[in-house]
Amino acid sequence: MLTVADLGIVREVKFDGDQPTVVITPTYSGCPAMNEIEQNILQKLKAEGVENAKVKTVLHPAWTTDWMTEEGKRKLKEYGIAPPEGSSADKSVLFGKPKQVQCPHCGSKNTQMVSQFGSTACKALHKCLDCQEPFDYFKCI
Amino acid sequence: MEYTLRLGDNALILGQRLAEWCGHGPILEQDIALSNIALDHLGQARMLMNYAAKQKEDGSTEDDIAFKRDIFDYHNLLLVERENGDWGKTVMRQFLFDTYNYFFYTQLLKSKDAKLRDIAHKAIKEITYHAQWSAEWVIRLGDGTEESHQRVQDSLNDLWEYTGEMFTMDAVDEKMVAEGIGVDLNPIKDLWYEKVAEILDMATLQQPEDGWMQSGGKQGEHSEYLGYVLAEMQHLPRMYPEASW
Ligand SMILES: [Zn+2]
(Lines give C-alpha, C1' and ligand atoms only; values in the text may rest on other atoms or scores of the structure.)
Protein backbone atom coordinates (compact mmCIF):
# COMPACT_ATOMS: atom_id res chain seq x y z
CA MET A 1 0.00 0.00 0.00
CA LEU A 2 1.22 3.47 -0.87
CA THR A 3 1.46 5.52 2.32
CA VAL A 4 1.36 9.24 3.06
CA ALA A 5 4.94 8.84 4.28
CA ASP A 6 5.95 7.37 0.87
CA LEU A 7 4.48 10.42 -0.80
CA GLY A 8 6.32 12.82 1.48
CA ILE A 9 3.09 14.28 2.79
CA VAL A 10 4.06 13.42 6.37
CA ARG A 11 6.97 15.72 7.18
CA GLU A 12 7.76 14.76 10.75
CA VAL A 13 6.36 13.55 14.03
CA LYS A 14 7.12 15.71 17.05
CA PHE A 15 6.63 14.83 20.69
CA ASP A 16 5.58 17.15 23.47
CA GLY A 17 6.01 14.77 26.40
CA ASP A 18 3.93 11.79 25.32
CA GLN A 19 1.74 13.78 22.93
CA PRO A 20 2.65 13.25 19.28
CA THR A 21 2.04 15.87 16.60
CA VAL A 22 2.05 14.60 13.04
CA VAL A 23 3.11 17.37 10.66
CA ILE A 24 1.64 17.08 7.15
CA THR A 25 1.77 19.27 4.05
CA PRO A 26 -0.59 19.36 1.05
CA THR A 27 0.61 18.31 -2.41
CA TYR A 28 -1.53 20.96 -4.11
CA SER A 29 -3.20 23.82 -2.27
CA GLY A 30 -6.64 22.69 -3.39
CA CYS A 31 -6.06 19.01 -2.61
CA PRO A 32 -9.46 17.76 -1.45
CA ALA A 33 -7.91 14.77 0.34
CA MET A 34 -6.24 16.74 3.14
CA ASN A 35 -9.11 16.44 5.62
CA GLU A 36 -9.43 12.75 4.83
CA ILE A 37 -5.71 12.24 5.36
CA GLU A 38 -5.83 14.06 8.68
CA GLN A 39 -8.79 12.02 9.87
CA ASN A 40 -7.20 8.75 8.75
CA ILE A 41 -3.98 9.51 10.59
CA LEU A 42 -5.90 10.27 13.80
CA GLN A 43 -8.08 7.17 13.45
CA LYS A 44 -5.14 4.94 12.78
CA LEU A 45 -3.27 6.26 15.81
CA LYS A 46 -6.36 5.86 17.94
CA ALA A 47 -6.69 2.26 16.78
CA GLU A 48 -3.09 1.77 17.91
CA GLY A 49 -3.97 3.15 21.32
CA VAL A 50 -2.70 6.72 20.86
CA GLU A 51 -5.59 8.91 21.96
CA ASN A 52 -3.97 12.33 22.27
CA ALA A 53 -2.32 12.73 18.85
CA LYS A 54 -2.58 15.98 16.95
CA VAL A 55 -2.18 16.72 13.25
CA LYS A 56 -0.70 19.98 12.08
CA THR A 57 -0.75 21.20 8.47
CA VAL A 58 2.18 23.32 7.29
CA LEU A 59 2.67 25.06 3.94
CA HIS A 60 6.36 25.68 4.15
CA PRO A 61 8.55 24.36 2.72
CA ALA A 62 6.16 23.69 -0.16
CA TRP A 63 5.72 20.04 -1.06
CA THR A 64 7.78 18.75 -3.94
CA THR A 65 7.79 15.45 -5.80
CA ASP A 66 11.47 15.18 -4.77
CA TRP A 67 10.21 14.07 -1.36
CA MET A 68 8.57 10.98 -2.75
CA THR A 69 10.56 7.92 -1.68
CA GLU A 70 11.95 5.36 -4.15
CA GLU A 71 9.64 2.88 -2.49
CA GLY A 72 6.74 5.24 -3.13
CA LYS A 73 7.66 5.62 -6.81
CA ARG A 74 7.85 1.84 -7.21
CA LYS A 75 4.41 1.39 -5.65
CA LEU A 76 2.90 4.09 -7.86
CA LYS A 77 4.24 2.36 -10.93
CA GLU A 78 2.84 -1.00 -9.82
CA TYR A 79 -0.48 0.71 -9.43
CA GLY A 80 -0.32 1.91 -13.06
CA ILE A 81 0.63 5.54 -12.39
CA ALA A 82 3.88 6.80 -13.89
CA PRO A 83 6.00 8.25 -11.06
CA PRO A 84 7.51 11.75 -11.38
CA GLU A 85 10.75 11.71 -13.38
CA GLY A 86 13.86 13.69 -12.60
CA SER A 87 14.06 16.71 -10.39
CA SER A 88 11.21 19.10 -9.78
CA ALA A 89 13.15 22.12 -10.94
CA ASP A 90 11.27 22.40 -14.20
CA LYS A 91 11.26 26.15 -14.47
CA SER A 92 10.83 26.45 -18.22
CA VAL A 93 7.94 28.84 -17.96
CA LEU A 94 5.14 29.01 -20.49
CA PHE A 95 6.81 26.67 -22.94
CA GLY A 96 8.55 23.77 -21.28
CA LYS A 97 8.92 20.70 -23.45
CA PRO A 98 7.08 17.89 -21.73
CA LYS A 99 9.38 15.21 -20.38
CA GLN A 100 9.71 11.75 -21.90
CA VAL A 101 7.61 9.70 -19.54
CA GLN A 102 7.85 5.93 -19.32
CA CYS A 103 4.66 3.91 -19.76
CA PRO A 104 3.91 2.14 -16.46
CA HIS A 105 2.25 -0.73 -18.34
CA CYS A 106 4.80 -1.79 -20.95
CA GLY A 107 7.85 0.31 -20.11
CA SER A 108 7.96 2.08 -23.48
CA LYS A 109 9.24 5.66 -23.62
CA ASN A 110 7.28 6.27 -26.78
CA THR A 111 4.53 8.18 -25.00
CA GLN A 112 2.66 11.42 -25.44
CA MET A 113 1.07 13.92 -23.10
CA VAL A 114 -2.67 14.22 -23.70
CA SER A 115 -3.34 16.85 -21.07
CA GLN A 116 -1.32 18.70 -18.45
CA PHE A 117 -4.22 18.15 -16.06
CA GLY A 118 -5.38 14.65 -15.25
CA SER A 119 -7.88 12.94 -12.96
CA THR A 120 -6.56 14.83 -9.93
CA ALA A 121 -4.54 18.03 -9.51
CA CYS A 122 -1.31 16.12 -8.98
CA LYS A 123 -1.48 14.10 -12.19
CA ALA A 124 -1.25 14.66 -15.94
CA LEU A 125 -2.86 12.45 -18.56
CA HIS A 126 -0.56 10.61 -20.97
CA LYS A 127 -0.94 7.83 -23.49
CA CYS A 128 1.43 5.14 -24.65
CA LEU A 129 2.02 5.06 -28.40
CA ASP A 130 3.22 1.44 -28.24
CA CYS A 131 0.68 -0.41 -26.11
CA GLN A 132 -1.97 2.29 -26.73
CA GLU A 133 -2.96 2.42 -23.06
CA PRO A 134 -3.74 5.76 -21.43
CA PHE A 135 -2.10 6.38 -18.06
CA ASP A 136 -1.72 8.97 -15.34
CA TYR A 137 1.63 10.62 -14.71
CA PHE A 138 2.44 12.11 -11.32
CA LYS A 139 3.61 15.62 -12.25
CA CYS A 140 6.84 17.10 -11.00
CA ILE A 141 6.41 20.15 -8.84
CA MET B 1 -5.50 42.32 5.83
CA GLU B 2 -7.01 44.10 2.85
CA TYR B 3 -3.95 43.17 0.83
CA THR B 4 -4.38 39.49 1.69
CA LEU B 5 -8.07 39.75 0.81
CA ARG B 6 -7.31 41.21 -2.59
CA LEU B 7 -5.19 38.20 -3.44
CA GLY B 8 -7.68 35.80 -1.91
CA ASP B 9 -10.62 37.36 -3.73
CA ASN B 10 -8.88 37.14 -7.10
CA ALA B 11 -8.31 33.45 -6.51
CA LEU B 12 -11.79 32.78 -5.15
CA ILE B 13 -13.78 34.60 -7.81
CA LEU B 14 -11.74 33.23 -10.71
CA GLY B 15 -11.96 29.75 -9.21
CA GLN B 16 -15.72 30.10 -8.91
CA ARG B 17 -15.98 31.36 -12.49
CA LEU B 18 -13.95 28.44 -13.82
CA ALA B 19 -15.99 25.99 -11.77
CA GLU B 20 -19.02 27.08 -13.83
CA TRP B 21 -17.41 25.21 -16.72
CA CYS B 22 -17.36 21.93 -14.80
CA GLY B 23 -19.29 19.45 -16.93
CA HIS B 24 -19.55 21.90 -19.84
CA GLY B 25 -16.00 21.87 -21.27
CA PRO B 26 -15.60 21.39 -25.03
CA ILE B 27 -13.88 18.03 -24.55
CA LEU B 28 -13.42 15.86 -21.50
CA GLU B 29 -9.69 16.50 -21.06
CA GLN B 30 -10.16 20.26 -21.07
CA ASP B 31 -13.16 20.08 -18.78
CA ILE B 32 -10.89 18.25 -16.35
CA ALA B 33 -8.05 20.73 -16.91
CA LEU B 34 -10.27 23.67 -16.11
CA SER B 35 -11.70 21.97 -13.03
CA ASN B 36 -8.16 21.32 -11.83
CA ILE B 37 -7.19 24.93 -12.36
CA ALA B 38 -10.36 26.03 -10.56
CA LEU B 39 -9.43 23.77 -7.66
CA ASP B 40 -5.95 25.26 -7.46
CA HIS B 41 -7.43 28.75 -7.31
CA LEU B 42 -9.88 27.73 -4.61
CA GLY B 43 -7.08 26.10 -2.64
CA GLN B 44 -5.04 29.30 -2.86
CA ALA B 45 -8.11 31.29 -1.84
CA ARG B 46 -8.52 29.08 1.23
CA MET B 47 -4.92 29.62 2.34
CA LEU B 48 -5.25 33.38 1.88
CA MET B 49 -8.66 33.67 3.52
CA ASN B 50 -7.55 31.55 6.41
CA TYR B 51 -4.71 34.03 6.88
CA ALA B 52 -7.01 37.02 6.45
CA ALA B 53 -9.38 35.55 9.05
CA LYS B 54 -6.51 35.22 11.53
CA GLN B 55 -5.45 38.80 10.85
CA LYS B 56 -8.95 39.96 11.77
CA GLU B 57 -8.43 38.61 15.29
CA ASP B 58 -12.15 38.33 16.01
CA GLY B 59 -12.64 34.59 15.68
CA SER B 60 -13.65 34.80 12.00
CA THR B 61 -13.05 31.72 9.87
CA GLU B 62 -12.13 31.38 6.22
CA ASP B 63 -15.77 30.48 5.51
CA ASP B 64 -16.97 33.72 7.12
CA ILE B 65 -14.60 35.62 4.86
CA ALA B 66 -15.82 33.84 1.72
CA PHE B 67 -19.52 33.60 2.42
CA LYS B 68 -20.46 36.48 4.69
CA ARG B 69 -19.08 39.46 2.84
CA ASP B 70 -21.13 41.51 0.42
CA ILE B 71 -20.12 42.76 -2.96
CA PHE B 72 -18.59 46.03 -1.75
CA ASP B 73 -16.29 44.16 0.61
CA TYR B 74 -14.82 42.14 -2.22
CA HIS B 75 -11.46 43.35 -3.50
CA ASN B 76 -10.84 41.26 -6.60
CA LEU B 77 -9.79 42.68 -9.96
CA LEU B 78 -12.64 43.36 -12.38
CA LEU B 79 -10.99 41.05 -14.91
CA VAL B 80 -11.62 37.88 -12.92
CA GLU B 81 -15.33 38.52 -12.50
CA ARG B 82 -15.93 38.98 -16.26
CA GLU B 83 -18.32 36.44 -17.74
CA ASN B 84 -16.97 33.16 -19.10
CA GLY B 85 -18.35 33.76 -22.59
CA ASP B 86 -17.21 31.15 -25.07
CA TRP B 87 -14.18 28.90 -24.62
CA GLY B 88 -11.94 31.47 -26.27
CA LYS B 89 -12.99 34.19 -23.87
CA THR B 90 -12.40 32.03 -20.81
CA VAL B 91 -8.99 31.07 -22.16
CA MET B 92 -8.10 34.69 -22.94
CA ARG B 93 -9.20 35.93 -19.50
CA GLN B 94 -7.15 33.14 -17.95
CA PHE B 95 -4.09 33.97 -20.04
CA LEU B 96 -4.17 37.69 -19.22
CA PHE B 97 -4.55 36.92 -15.51
CA ASP B 98 -2.21 33.90 -15.28
CA THR B 99 0.64 35.83 -16.87
CA TYR B 100 0.15 38.64 -14.36
CA ASN B 101 -0.27 36.18 -11.52
CA TYR B 102 2.92 34.37 -12.46
CA PHE B 103 5.09 37.48 -12.32
CA PHE B 104 3.27 38.75 -9.23
CA TYR B 105 3.77 35.58 -7.19
CA THR B 106 7.37 35.28 -8.34
CA GLN B 107 7.94 38.61 -6.56
CA LEU B 108 5.76 37.68 -3.60
CA LEU B 109 8.26 34.89 -2.89
CA LYS B 110 10.49 37.67 -1.51
CA SER B 111 7.84 39.21 0.75
CA LYS B 112 8.87 40.10 4.29
CA ASP B 113 5.61 38.59 5.51
CA ALA B 114 6.45 34.97 6.28
CA LYS B 115 2.93 33.66 5.76
CA LEU B 116 2.45 35.34 2.38
CA ARG B 117 5.86 34.05 1.38
CA ASP B 118 4.90 30.48 2.32
CA ILE B 119 1.65 30.74 0.40
CA ALA B 120 3.52 32.12 -2.61
CA HIS B 121 5.94 29.19 -2.56
CA LYS B 122 3.02 26.83 -2.65
CA ALA B 123 1.02 28.73 -5.25
CA ILE B 124 3.77 29.54 -7.74
CA LYS B 125 4.19 25.89 -8.68
CA GLU B 126 0.54 25.67 -9.64
CA ILE B 127 0.43 29.07 -11.31
CA THR B 128 3.35 28.08 -13.53
CA TYR B 129 1.31 25.19 -14.91
CA HIS B 130 -1.70 27.45 -15.40
CA ALA B 131 0.28 30.08 -17.29
CA GLN B 132 1.69 27.42 -19.56
CA TRP B 133 -1.72 25.93 -20.25
CA SER B 134 -3.51 29.19 -21.04
CA ALA B 135 -0.68 30.54 -23.22
CA GLU B 136 -0.71 27.35 -25.24
CA TRP B 137 -4.45 27.64 -25.76
CA VAL B 138 -4.22 31.28 -26.84
CA ILE B 139 -1.71 30.24 -29.50
CA ARG B 140 -3.79 27.25 -30.56
CA LEU B 141 -6.94 29.33 -30.97
CA GLY B 142 -5.28 32.43 -32.39
CA ASP B 143 -3.29 30.47 -34.92
CA GLY B 144 -6.15 28.05 -35.50
CA THR B 145 -9.10 28.42 -37.82
CA GLU B 146 -10.46 31.71 -39.12
CA GLU B 147 -13.37 31.37 -36.72
CA SER B 148 -11.28 30.61 -33.62
CA HIS B 149 -8.89 33.42 -34.55
CA GLN B 150 -11.71 35.94 -34.85
CA ARG B 151 -13.43 34.87 -31.65
CA VAL B 152 -10.32 34.98 -29.52
CA GLN B 153 -9.31 38.32 -31.06
CA ASP B 154 -12.76 39.72 -30.14
CA SER B 155 -12.33 38.42 -26.59
CA LEU B 156 -8.94 40.05 -26.36
CA ASN B 157 -10.38 43.37 -27.57
CA ASP B 158 -13.23 43.10 -25.02
CA LEU B 159 -11.03 42.22 -22.09
CA TRP B 160 -8.17 44.62 -22.74
CA GLU B 161 -9.73 47.53 -20.85
CA TYR B 162 -9.73 45.39 -17.70
CA THR B 163 -5.99 44.77 -17.74
CA GLY B 164 -4.91 48.27 -16.66
CA GLU B 165 -6.22 47.76 -13.15
CA MET B 166 -3.72 44.98 -12.52
CA PHE B 167 -0.87 47.50 -12.54
CA THR B 168 -2.46 50.51 -10.88
CA MET B 169 -0.91 51.13 -7.49
CA ASP B 170 -3.20 52.61 -4.85
CA ALA B 171 -2.49 53.59 -1.23
CA VAL B 172 -2.77 49.98 -0.02
CA ASP B 173 -0.25 48.80 -2.61
CA GLU B 174 2.14 51.66 -1.84
CA LYS B 175 2.05 50.96 1.88
CA MET B 176 2.64 47.23 1.42
CA VAL B 177 5.53 47.84 -0.96
CA ALA B 178 7.08 50.33 1.46
CA GLU B 179 6.92 47.72 4.22
CA GLY B 180 8.54 45.12 2.00
CA ILE B 181 5.43 42.94 2.13
CA GLY B 182 3.69 43.71 -1.15
CA VAL B 183 4.73 43.65 -4.76
CA ASP B 184 5.74 46.72 -6.77
CA LEU B 185 3.46 46.56 -9.80
CA ASN B 186 5.57 48.74 -12.11
CA PRO B 187 8.21 46.14 -12.99
CA ILE B 188 5.42 43.52 -13.18
CA LYS B 189 3.77 45.64 -15.83
CA ASP B 190 6.87 45.61 -18.03
CA LEU B 191 7.32 41.87 -17.68
CA TRP B 192 3.66 41.29 -18.42
CA TYR B 193 3.62 43.45 -21.56
CA GLU B 194 6.71 41.72 -22.85
CA LYS B 195 5.37 38.20 -22.32
CA VAL B 196 1.88 39.02 -23.59
CA ALA B 197 3.31 40.59 -26.75
CA GLU B 198 5.44 37.51 -27.35
CA ILE B 199 2.53 35.08 -26.99
CA LEU B 200 0.08 37.22 -28.98
CA ASP B 201 2.63 37.43 -31.75
CA MET B 202 2.94 33.64 -31.85
CA ALA B 203 -0.84 33.44 -31.84
CA THR B 204 -1.02 35.90 -34.79
CA LEU B 205 -3.26 38.12 -32.68
CA GLN B 206 -3.30 41.90 -32.69
CA GLN B 207 -2.55 43.53 -29.35
CA PRO B 208 -5.17 46.25 -28.74
CA GLU B 209 -4.14 49.85 -28.24
CA ASP B 210 -4.02 50.94 -24.61
CA GLY B 211 -7.09 53.13 -24.26
CA TRP B 212 -9.22 54.05 -21.31
CA MET B 213 -8.93 51.42 -18.59
CA GLN B 214 -11.56 50.23 -16.14
CA SER B 215 -10.72 50.29 -12.46
CA GLY B 216 -12.30 50.03 -9.02
CA GLY B 217 -12.41 46.30 -8.32
CA LYS B 218 -9.59 46.40 -5.80
CA GLN B 219 -11.43 49.15 -3.93
CA GLY B 220 -14.76 47.31 -3.92
CA GLU B 221 -16.50 48.89 -6.92
CA HIS B 222 -17.66 46.01 -9.04
CA SER B 223 -19.65 45.23 -12.16
CA GLU B 224 -23.06 43.62 -11.87
CA TYR B 225 -21.45 40.30 -12.78
CA LEU B 226 -19.95 39.85 -9.35
CA GLY B 227 -23.40 40.00 -7.77
CA TYR B 228 -24.46 36.91 -9.71
CA VAL B 229 -21.24 35.06 -8.89
CA LEU B 230 -21.66 35.78 -5.18
CA ALA B 231 -25.37 34.96 -5.24
CA GLU B 232 -24.64 31.49 -6.54
CA MET B 233 -21.64 30.92 -4.32
CA GLN B 234 -23.18 32.25 -1.11
CA HIS B 235 -26.73 31.03 -1.54
CA LEU B 236 -26.39 27.76 0.30
CA PRO B 237 -24.35 28.85 3.33
CA ARG B 238 -26.59 31.90 3.76
CA MET B 239 -29.85 29.97 3.47
CA TYR B 240 -28.65 27.12 5.65
CA PRO B 241 -25.96 28.55 7.93
CA GLU B 242 -25.52 25.25 9.77
CA ALA B 243 -25.11 23.14 6.63
CA SER B 244 -21.97 21.06 6.45
CA TRP B 245 -20.62 18.16 4.43
ZN1 LIG C 1 2.73 1.14 -22.95
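To find a chain, count down the sequence lines: A is the first, B the second, and so on, and within it residues start at 1. This one's a predicted model, so the numbers in the text were calculated from it and none came from an experiment.
The parts of A:Ser29 that come within reach of chain B are both its backbone and its side chain, each placing non-hydrogen atoms under 4.5 angstrom from that chain. The contact between A:Thr120 and chain B is made entirely by backbone atoms, counting heavy-atom distances below 4.5 Å. There is no contact between B:Leu42 and chain A, counting heavy-atom distances below 4.5 Å. Neither the backbone nor the side chain of A:Thr57 comes within less than 4.5 Å of any heavy atom in chain B.
If you check the side chains of B:Asn76 and B:Glu81, you find a donor sitting under 3.5 Å from an acceptor. Between the side chains of B:Asp113 and B:Tyr51, a donor-acceptor pair is found at a separation under 3.5 Å.
The side-chain tip of B:Lys195 does not point at the ring of B:Phe103 from less than 6.0 angstrom away and within 45° of straight on.
In this structure, B:Leu200 and B:Leu156 have side chains that are in contact, with non-hydrogen atoms separated by less than 4.5 Å.
Most heavy-atom pairs under 4.5 Å with chain B, from the set A:Cys31, A:Gly118, A:Ala124: that is A:Gly118. Chosen from B:Arg46, B:Glu126, B:Gln30, the residue pairing most often with chain A at heavy-atom distances under 4.5 Å is B:Glu126.
Ring-plane geometry between B:Trp133 and A:Phe117 is classed as perpendicular, the angle between the planes exceeding 60 degrees on a 0 to 90 degree scale with a lower cut at 30.
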